[in-house]
Trainee: 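Got a structure here, written out as structure tokens. Questions coming.
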Amino acid sequence: MSDTASSPEEAAQKPARRARYERKRDALLDAATVLINDRGAKATTLQAVSKAVELSTTSVTYYFPRKDILAAAVFQRAMERLREFVDVA
């Protein structure tokens, strides 16, 4: 097996790779959240997200192959955070 991962799941298998994978994924979600809040989901592009985090669009599609998958992940994370907030209150 080569040192490069062929899928996000393979990248997540080793602790150091998993940590790097999660950091980049979180950065993408953070950027997408800001852009969706500012522009709306329809006007937010993978190219705009890639520019915001200074990655290539190809790198972004490694984590989120399509814009709808990225938007769903943004909304899912928002719901999880809301649930955590409500549970604490």
Side-chain angles (χ1 to χ4, degrees):
M1 185 159 129
S2 71
D3 192 26
T4 58
S6 62
S7 71
E9 292 77 21
E10 286 181 40
Q13 289 177 356
K14 295 188 178 183
R17 285 185 182 172
R18 181 175 178 80
R20 186 171 51 245
Y21 172 85
E22 292 298 329
R23 281 192 307 273
K24 284 186 180 180
R25 187 177 188 281
D26 285 343
L28 290 167
L29 288 172
D30 291 342
T33 298
V34 170
L35 291 168
I36 288 171
N37 283 336
D38 291 349
R39 303 175 178 189
K42 188 172 184 178
T44 298
T45 64
L46 291 177
Q47 291 81 7
V49 174
S50 69
K51 185 176 179 181
V53 294
E54 299 178 348
L55 288 174
S56 69
T57 303
T58 302
S59 293
V60 174
T61 60
Y62 175 79
Y63 296 88
F64 302 100
R66 297 188 324 261
K67 182 173 88 167
D68 61 318
I69 294 171
L70 175 59
V74 166
F75 295 125
Q76 180 179 359
R77 187 172 75 160
M79 292 304 297
E80 288 168 0
R81 289 180 174 178
L82 179 61
R83 222 176 279 121
E84 289 171 7
F85 176 76
V86 170
D87 289 343
V88 171

Trainee: So how far is it from Tyr62 OH to Arg25 CZ, rounded to the nearest 0.5 Å?
Mentor: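 That separation rounds to 12.0 Å.
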Trainee: I need the Ser56 OG to Lys51 NZ distance, nearest 0.5 Å.
Mentor: 14.5 Å
Trainee: Of all heavy-atom pairs between Ser50 and Val60, which one has the smallest distance, and what is that distance?
Mentor: CB-CG2, 3.4 Å
Trainee: If the condition is side chain to side chain contact (heavy atoms under 4.5 Å, CB included), which residues does Glu80 pass it with, not counting sequence neighbours?
Mentor: Gln76, Arg83
Trainee: What distance do Thr44 atom OG1 and Arg39 atom CZ have between them, rounded to the nearest 0.5 Å?
Mentor: 6.0 Å
Trainee: What about Phe75 and Val34, same hydrophobic cluster or not, with Ile/Leu/Val/Met/Phe/Trp/Tyr joined at side-chain heavy-atom distances under 4.5 Å?
Mentor: no
Trainee: What's the separation between atom OG1 in Thr33 and atom CG in Leu70, rounded to the nearest 0.5 Å?
Mentor: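 The CG atom of Leu70 is 8.0 Å from OG1 of Thr33, to the nearest 0.5 Å.
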Trainee: Please answer whether the main-chain N or O of Lys42 pairs with a side-chain N or O of Lys67 as donor and acceptor at a distance below 3.5 Å.
Mentor: yes
Trainee: Residues in salt bridge (Lys or Arg N to Asp or Glu O under 4.0 Å) with Arg77, at least two apart?
Mentor: Asp30
Trainee: Can you list everything that forms a side chain to side chain contact (heavy atoms under 4.5 Å, CB included) with Val53? Sequence neighbours excluded, please.
Mentor: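 Val53: side chain to side chain contact (heavy atoms under 4.5 Å, CB included) contacts with Ala27, Leu28, Ala31, Leu55.
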Trainee: Which distance, rounded to the nearest 0.5 Å, do you find between the CG of Leu29 and the CZ of Phe64?
Mentor: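 So the CG of Leu29 and the CZ of Phe64 are separated by 4.0 Å.
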